[in-house]
Amino acid sequence: MLCISVAAVAQDGTTAYEFLNVPVSSHVYALGGTNITIIDDDVNLIDQNPGLLGPEYEMQAGLNYMRYLGGSNFMGARFAVPAGDRGAWAVGIQYFGYGSIDGYDEQGNATGSSFSPSDISFSATYAHDITERWRGGITLKFVHSSYEAYKALAICADLGVNYYNPDNDLSFSVVFKNLGGQVKKFNENYDRLPWDIQVGFAKSLGSSPLRLSITACNLNKWSLPYYSTDDNSATQELEEHDAFMSNLFRHLIFGIEYVPSEKFYIALGYNYKTRTDMSTYSRNFLSGFSVGAGLKVKAMGFGVAFAQPHVGGTTFMFNLTASVSEMLR
């Protein structure tokens with residue numbers, strides 16, 4: 001199943017560090033996997049956009065766990081503190097484990113040994129209020145990868161700004177993600193980081209408890225072709241899809257939320273790119289869709305999200321947040 005996930009990612013032409021695009025927030029995962037505009041009391045959100053961090057977090061800790069495809073397990077933690085009246089700091093660590101893999105030599109013979117590939121990311125974030133409604137931030141990430149005897153190190157940064165108008169619950173963001181490169185290569189080849197330009201918009205629908213969000217990703221390249229097979233073809237040759245409308249919707253992620261109060265939400269997301277990436281891997285009706293919910297009880301927050309990219313792959317994410325300052329009062 002891990003191979004299926006990697007193969008789907010390869011349709012973009014990227015070669016390494018795609019785990020940097022895996023969300024750590026269940027709220028974000030429920031809204032399609034990428035969302036840079038959510039305004040919520042959840043420190044896990046700053047992984048999407050450092051411009052969402054602010055002094056209002058007041059010593060908040062966050063934990064996340066995802067059961068991904070195959071035997072993969074992702075988990076991490078974050079902690080944020082105010083820096084004066086207009087700024088905030090945060091630190092985080094994220095671990096990506098891909099289970100145990102049996103070893104084989106160049107001839108395909110089993111070596112009798114196994115290894116557990118993994119990636120780990122350390123991050124530090126600072127954000128500052130530029131005006132009453134504009135905020136900007138930066139996240140610096142140090143990434144270490146270990147795949148059996150091969151190891152690599154990369155350094156990258158996320159730059160993000162957010163505009164938020166609380167009067168009409170309008171949020172707008174721009175983020176430049178994964179700007180950087182490898183410091184230590186796996187071998188003689190240089191692997192590119194999946195850098196990206198993202199623009200997002202979110203707004204409540206009138207006086208209703210519904211909120212719509214649209215996020216545009218991969219804006220650094222227009223053409224995002226995907227490949228599928230014709231089930232009725234005896235040759236099962238891959239057919240390339242690179243039409244205008246296909247490319248347009250593969251850039252867009254849609255989310256809708258039911259938010260009756262600040263303490264509860266139900267979210268649904270649709271990611272057309274995920275659905276089309278799975279076109280050759282036994283996708284089902286749920287491919288591309290994701291759903292989740294969140295609840296706050298006093299100083300604690302809980303969030304869950306679920307998605308099924310293809311028939312054999314069910315993913316689940318859980319988040320926990322705690323306001324340390326509120327618990328100490």
Side-chain angles (χ1 to χ4, degrees), residues 1-10 12 14-30 33-34 43-48 61-79 90-104 110-124 139-156 158 177-178 180 182-187 191 193-194 274 277-278 281 290 292 303-310 312-321:
M1 295 180 186
L2 178 61
C3 293
I4 290 176
S5 177
V6 173
V9 164
D12 291 340
T14 51
T15 57
Y17 299 97
E18 284 295 328
F19 61 88
L20 292 172
N21 291 327
V22 175
V24 304
S25 164
S26 60
H27 199 162
V28 169
Y29 196 51
T34 302
V43 69
N44 293 299
L45 294 172
I46 67 173
D47 177 75
Q48 292 284 301
L63 300 174
N64 67 82
Y65 170 79
M66 173 185 273
R67 176 67 176 179
Y68 204 53
L69 302 176
S72 301
N73 291 276
F74 305 156
M75 61 196 74
R78 273 170 176 72
F79 185 73
V91 293
I93 182 172
Q94 199 68 28
Y95 172 81
F96 304 85
Y98 309 108
S100 179
I101 298 177
D102 294 332
Y104 293 84
T111 62
S113 62
S114 62
F115 63 99
S116 299
S118 64
D119 298 291
I120 187 168
S121 171
F122 302 92
S123 64
T139 294
L140 186 63
K141 292 179 282 189
F142 298 87
V143 183
H144 180 266
S145 300
S146 177
Y147 305 156
E148 212 265 338
Y150 301 94
K151 302 183 186 302
L153 177 67
I155 299 176
C156 60
D158 297 343
K177 301 203 74 173
N178 304 320
Q182 283 186 306
V183 176
K184 181 181 183 300
K185 298 180 290 187
F186 285 108
N187 47 39
D191 293 314
L193 271 66
T274 296
D277 280 345
M278 290 292 109
Y281 300 104
S290 53
V304 294
F306 164 88
Q308 191 177 53
H310 64 94
T314 299
T315 58
F316 172 82
M317 176 175 278
F318 173 76
N319 274 179
L320 172 67
T321 60

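Position 1 is the first residue of the sequence; numbering continues from there. Keep in mind that what you see is a predicted model, and the values were worked out from it rather than measured.
Tested against Phe96, the residues Tyr68, Tyr65, Phe74 include a single ring pair (Phe, Tyr, Trp, His ring centres under 6.0 Å) partner, Phe74.
Remark: Leu45 CG to Arg78 CZ distance equals 10.0 Å, nearest 0.5 Å. The OG atom of Ser290 lies 12.5 Å from the CD atom of Gln308; values are rounded to the nearest 0.5 Å. If you take CZ on Arg67 and OG1 on Thr315, they are separated by 11.0 Å, rounding to the nearest 0.5 Å. With rounding to the nearest 0.5 angstrom, the NZ atom of Lys185 is 15.0 Å from the OG atom of Ser145. With values rounded to the nearest 0.5 angstrom, Thr34 atom OG1 is found 6.5 Å from Lys177 atom NZ.
A donor-acceptor contact shorter than 3.5 Å links the side chain of Gln182 to the backbone of Asp191. Distance alone, capped at 3.5 Å, places no donor-acceptor pair between the Ser26 side chain and the Ala305 backbone.
Pairing each heavy atom of Asp158 with each of Asn178, the nearest pair is OD1-N, 2.8 Å. In this structure, Asn64 and Val24 approach most closely via the heavy-atom pair CB-O, 3.1 Å. Of all the heavy atoms in Glu18 and Pro194, the pair that sits closest is OE2-CB, 3.5 Å. The two residues Ile46 and Ala90 have their closest heavy-atom pair at CD1-CB, 3.5 Å. Annotation for Ser146 and Lys151: closest pair OG-NZ, 2.9 Å, computed over non-hydrogen atoms. Contact record, Tyr29 with Pro23: CD1-CG, 3.6 Å, taken as the closest heavy-atom pair.
Here the side chains of Gln94 and Ile120 are not in contact, with every heavy-atom distance at 4.5 Å or above. Residues Cys156 and Tyr17 fail the side-chain proximity criterion, which asks for heavy atoms closer than 4.5 Å. Considering only heavy atoms from C-beta on, Leu140 comes within 4.5 Å of Phe142 through its side chain. By the 4.5 Å heavy-atom criterion applied to side chains, His144 and Lys184 are not counted as neighbours.
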*Check step by step if side chain to side chain contact (heavy atoms under 4.5 Å, CB included) holds for Val43 and Phe79.*
CA-CA 7 Å; Val43 69; Phe79 185 73; over 6 Å; no
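Qualifying side-chain contact (heavy atoms from CB on, under 4.5 Å) partners for Leu63, counting only residues two or more places apart in sequence or in other chains: Ala77, Leu320. With sequence neighbours excluded, the residues forming a side chain to side chain donor-acceptor pair (under 3.5 Å) with Thr139 are Thr125, listed by chain and number.
No more than 12 heavy-atom neighbours from other residues, nucleotides or ligands sit within 6.0 angstrom of OH on Tyr150.
In this model, a donor atom of one side chain and an acceptor atom of the other lie less than 3.5 Å apart for Tyr98 and Asp119. Remark: the Ser123 side chain and the Lys141 side chain contain no N/O donor-acceptor pair separated by less than 3.5 Å.
Ring geometry for Phe186 versus Tyr147: interplanar angle under 30°, hence parallel rather than tilted (30 to 60°).
Between Phe306 and Phe316, the distance from one ring center to the other does not fall under 6.0 angstrom.
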